*Asks:* 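So that we are looking at the same thing, I have put the structure below in structure tokens.
Below, chains carry the letters A, B, ... as their sequence lines are ordered, and counting in each starts from 1. Source: prediction; values computed, not measured.
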Amino acid sequence: MTSIDASARRLSVLHIFKVYYPDLFGGTLTVIRDICTGLKASFAFAVLACSSANGRRRIVVHDVPVERVRSFGDILSLPFAPTYPLRLWRRIAQHDLLVLHAPFPLADLVFALGFGRKRPLVVHWHADIVTHARLRRFVEPLMRRTLSRAEAIIVSDRALLDETPLLREFADKCHVVPFGIDVSKYERPVPRHPDLKVGHDRGRLVLACGRLVPYKGFDVLIRAAVGQTFEVWIVGEGRERARLEQLIQSLGVADRVRLLGSVPDSELVKLMYIADVFVMPSVTSAETFGLVQLEAMAAGRPVINTSLDTAVPHVARDGIEAITVPPGDHRKLAEAIDVLIRDPERRQRMGLAARRRAMSKYSTTQFKQAIEAIYLDAVTSKEGVRSARAMRSETAGLVGAVRIAATLAWSDMRHRYVRSLLGPFWMSIQMAIMVAVLGSVIGHLSNANAVARLPMLAISLTAWTFLNNVVLDATTALQNSAGLIKDRALPPVTFLLQCLFRQALFALHNASVPLLLWLALSRTDIEGCIAALPGLALFVACTLGLGLVLGALATRFRDMKPIIESTLTLAFLSSPVIWTAEMINPNSTVMRLNPLTHLFAVWREPLATGHVSMISIVYALVCVAVLAVASVVTVKQLRKAAFWI
Amino acid sequence: MVSISLHDVSLEYPLYGAYDFSVKRRLLGRLLNERSETRTIRAIDNISIEATAGARIGLAGPNGSGKSTLLRLLAGVYPPTRGRMEISGNVVPLIGLNAGANMDFVADDNIRLLLRISGHTPTQAVVDEIWRFTELEARMRHMPLRMFSSGMLMRVLFATATAFPADILLLDEWLSVVDEKFSAKAEQRLLKLVSMAAIVIIASHDQALLRRTCTSVINLDQGRIVRAVPLDRYSERPFELEEKRA
């Protein structure tokens with residue numbers, strides 16, 4: 001999550017697509033390029049694409065750094081780039097926003113596996129997979145997962161939304177943003193190429209433009225040229241080239257139909273001007289928008305497009321800016337071209353309408369603004385979701401309370417070290433002195449070997465100090481943290497847990513005293529220590545329960561605190577902490593009824609003898625159970641703790 | 001989706017007298033059969049508020065009208081006595097800046113601790129950013145907060161509290177705490193924070209401020225909504241922040 005000041009720098013955005021300049025030209029790439037150049041003030045863009053060309057892996061195109069992942073050719077119109085998912089995964093963390101240009105199953109794979117979940121994702125839905133319907137069956141679950149985790153889906157036209165079932169599932173996050181076109185590029189220049197005006201004068205030049213791939217339907221256009229008078233120029237490159245050339249030859253239209261190959265943008269603009277009719281004969285819904293027809297419209301050309309159920313017939317509308325013919329029908333296409341060729345006045349009328357529409361409806365400013373807003377929203381909403389999730393786990397749940405309590409306790413302990421070099425070890429020294437004094441006193445009281453008793457005395461005192469301090473600490477904890485509870489809305493239980501953690505850390509310091517004594521005076525018995533661990537856990541659990549319950553009670557009823565304090569002193573004296581049961585009559589009723597006797601016994605006995613009596617275990621377990629119930633009630637009641645402080 | 005939905009929410013605030021805090025007195029009362037009900041005050045009385053992303057709600061009203069209590073109720077400090085309350089989104093209450101600061105800790109440690117308390121990981125970069133915002137000398141970073149003047153302290157606490165954006169921001173008498181020299185910068189930062197939050201609720205006596213920043217103002221009196229005024233002028237005089245953000 002970024003802090004508030006970090007937003008001053010440009011957000012880093014990664015465009016994810018199968019291919020990029022200079023390997024290919026086309027509508028989708030134009031869109032990516034326009035976004036990159038148009039929004040470079042707000043975002044720092046980068047592109048991750050595949051490339052089968054041998055060349056540098058990292059290049060800069062139009063000021064945008066492009067990483068090209070090695071591809072070994074196309075399979076089912078998709079680049080075969082096995083390392084692409086890996087590269088994408090590695091790049092995810094470096095960017096603030098991921099922008100996927102769908103369909104691109106290689107990237108879906110990464111997102112479907114759940115990588116990059118923490119990054120906001122925007123999907124530009126350019127087309128459905130139509131050409132390879134069978135592939136779709138396998139890819140659709142992946143695409144669905146990608147879409148479901150995306151923050152926003154951008155489509156170029158309403159029609160896409162209506163016609164794509166997969167998108168309808170996510171209609172609530174789909175945004176319709178029509179592509180924009182910079183009409184100024186198509187301002188009619190002074191005719192500087194009088195030689196090229198020839199075609200224009202003749203009024204029978206038909207232009208088409210696009211990658212030479214099957215869905216563009218150029219074969220239909222070539223067939224339409226048979227037996228007609230008009231000329232057809234097709235701009236673009238692609239794997240269909242050989243097949244189309246063959247078709248031109250076999251239909252005997254080579255004199256009028258030319259494949260011009262790739263043409264730079266500036267040249268394309270000129271070609272648009274000299275053309276009389278622009279044709280987009282696309283045959284499948286893979287053609288979702290037809291950015292190139294928009295370019296032709298910007299250049300004031302009448303358009304002939306096909307009645308696909310995509311945006312195509314909505315961008316240039318039948319009878320106004322275009323004549324729309326059924327896809328794949330070369331007779332109807334030929335007819336339509338012929339109508340326009342024969343009617344210069346109509347051509348001009350449609351051309352003007354086309355330019356007007358391009359300027360008003362598909363302005364690049366609107367496009368850029370809409371895209372920018374969606375990108376920014378995606379980033380902030382993801383942050384919101386993420387921080388909300390973080391907050392929920394951080395503060396609401398018990399886990400969050402524990403985490404904050406631990407943080408606070410740790411900081412308390414560190415602070416002890418800040419104040420003095422020895423930190424909490426000062427208390428340990430105090431403890432050592434206490435052990436020495438008490439040890440000698442007890443040595444005089446009983447005849448037993450006082451020195452041999454010292455380690456047990458030390459560890460008992462450490463444990464008692466822990467319990468005593470947790471409870472005492474808890475009685476004031478809530479009042480001391482009133483600010484955090486009332487103004488920062490932290491759950492009150494946090495501060496009772498903080499007492500436990502803080503005192504546990506101090507107890508670990510104190511434990512150095514018994515540990516040293518143990519090492520110096522007793523034979524080390526690891527098995528006994530391990531056997532003591534479950535008992536110690538019971539002891540700590542009881543301490544926690546006592547801390548919670550008494551802490552809450554002392555906050556609710558202020559006169560509880562002195563009562564608790566005196567009870568603790570009494571308990572210290574009447575429990576076998578500094579003395580052991582053997583020193584007095586072990587069967588005395590008070591001794592047996594005192595739960596502390598057993599709470600100490602469950603871990604002290606295994607330490608001393610390796611055995612523990614069943615009664616002690618049962619007693620300790622009952623204590624834990626009772627305190628657990630009381631703690632649950634307490635935690636519920638603590639909701640009202642803010643009223644008490 | 002960030003939203004706040006209060007439906008007929010009431011809060012009975014228990015007024016604990018000296019006796020109510022005493023368990024002995026209670027037991028005695030029980031023995032003497034003296035029934036003593038804890039007195040309560042209806043701090044929030046049947047309030048319904050619906051707010052979705054984009055809402056900027058101002059709470060106005062005299063002292064004791066329930067503004068802060070309502071904020072605390074929304075923050076989850078007080079449980080509502082009656083009614084339905086649904087809040088989705090990350091709520092960040094900026095009710096008192098002071099809360100959580102430890103005067104004996106050095107400034108840097110305090111910043112880190114406060115960030116952790118609010119659920120953020122204090123990376124060095126974030127702490128540096130916060131410190132830069134305070135415009136205090138670098139050597140002050142390693143001094144305990146008790147050596148800071150109150151103004152300097154406020155800078156540190158303010159910078160830390162406002163370092164991260166929130167979905168739902170609850171502000172109580174904001175800006176009144178910051179010294180004059182710092183206030184222009186602080187106001188800008190707060191406004192930025194406000195602009196980034198989906199829902200902001202501001203309790204203030206400063207009517208001009210509320211009018212300037214809010215889409216609607218709720219007037220409270222004795223825990224009741226006296227009047228809820230949607231500010232039409234909001235559209236006429238667009239919130240200056242929206243421009244900055246764009």
*Asks:* Is Ser481(A) in contact with chain B via its backbone, its side chain, both, or neither, using a 4.5 Å heavy-atom distance?
*Replies:*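 Nothing of Ser481(A), per the 4.5 Å heavy-atom cut-off to chain B.
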*Asks:* With sequence neighbours excluded, tell me which residues meet salt bridge (Lys or Arg N to Asp or Glu O under 4.0 Å) with Lys173(A).
*Replies:*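 Checked Lys173(A) against salt bridge (Lys or Arg N to Asp or Glu O under 4.0 Å); zero matches.
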*Asks:* So, does Thr160(B) use its side chain to make a donor-acceptor pair with the main chain of Val156(B) at under 3.5 Å?
*Replies:*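 Looks like yes, one N/O pair under 3.5 Å.
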*Asks:* Examine whether an atom of Leu74(B) lies under 4.5 Å from a heavy atom of chain A, and if so say whether it belongs to the side chain, the backbone or both; otherwise answer neither.
*Replies:*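 Neither part, no heavy atoms under 4.5 Å.
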*Asks:* Does the distance from a Lys or Arg side-chain N to an Asp or Glu carboxylate O, for Glu565(A) and Lys561(A), drop under 4.0 Å?
*Replies:*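 Judged by the 4.0 Å cut-off on N to carboxylate O distance, Glu565(A) and Lys561(A) do form a salt bridge.
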*Asks:* When only pairs under 4.5 Å are counted, which of Ala101(B), Pro144(B), Ala197(B), Pro93(B) shares the most heavy-atom pairs with chain A?
*Replies:*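 The residue among Ala101(B), Pro144(B), Ala197(B), Pro93(B) with the greatest pair count is Pro93(B).
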*Asks:* Among the options Gln369(A), Met560(A), Arg414(A), Lys640(A), pick out the one with the most heavy-atom pairs lying under 4.5 Å from chain B.
*Replies:*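 Counting heavy-atom pairs under 4.5 Å, the top option is Arg414(A).
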*Asks:* Between Asp109(B) and chain A, with a heavy-atom cut-off of 4.5 Å, which part of the residue counts as in contact: side chain, backbone, both or neither?
*Replies:*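 Answer is side chain: those atoms of Asp109(B) sit under 4.5 Å from chain A.
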*Asks:* Below 4.5 Å from any heavy atom of chain B, which atoms of Trp410(A) appear? Answer side chain, backbone, both or neither.
*Replies:*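 Neither; nothing under 4.5 Å.
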*Asks:* Less than 6.0 Å separating the ring centroids of Tyr417(A) and His509(A)?
*Replies:*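 So the answer is yes for these two rings.
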*Asks:* Return each pair, listed once, that meets salt bridge (Lys or Arg N to Asp or Glu O under 4.0 Å) where at least one residue sits in residues 483-499 of chain A; pairs must be two or more places apart or across chains.
*Replies:*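 Qualifying pairs: Asp487(A)-Arg72(B).
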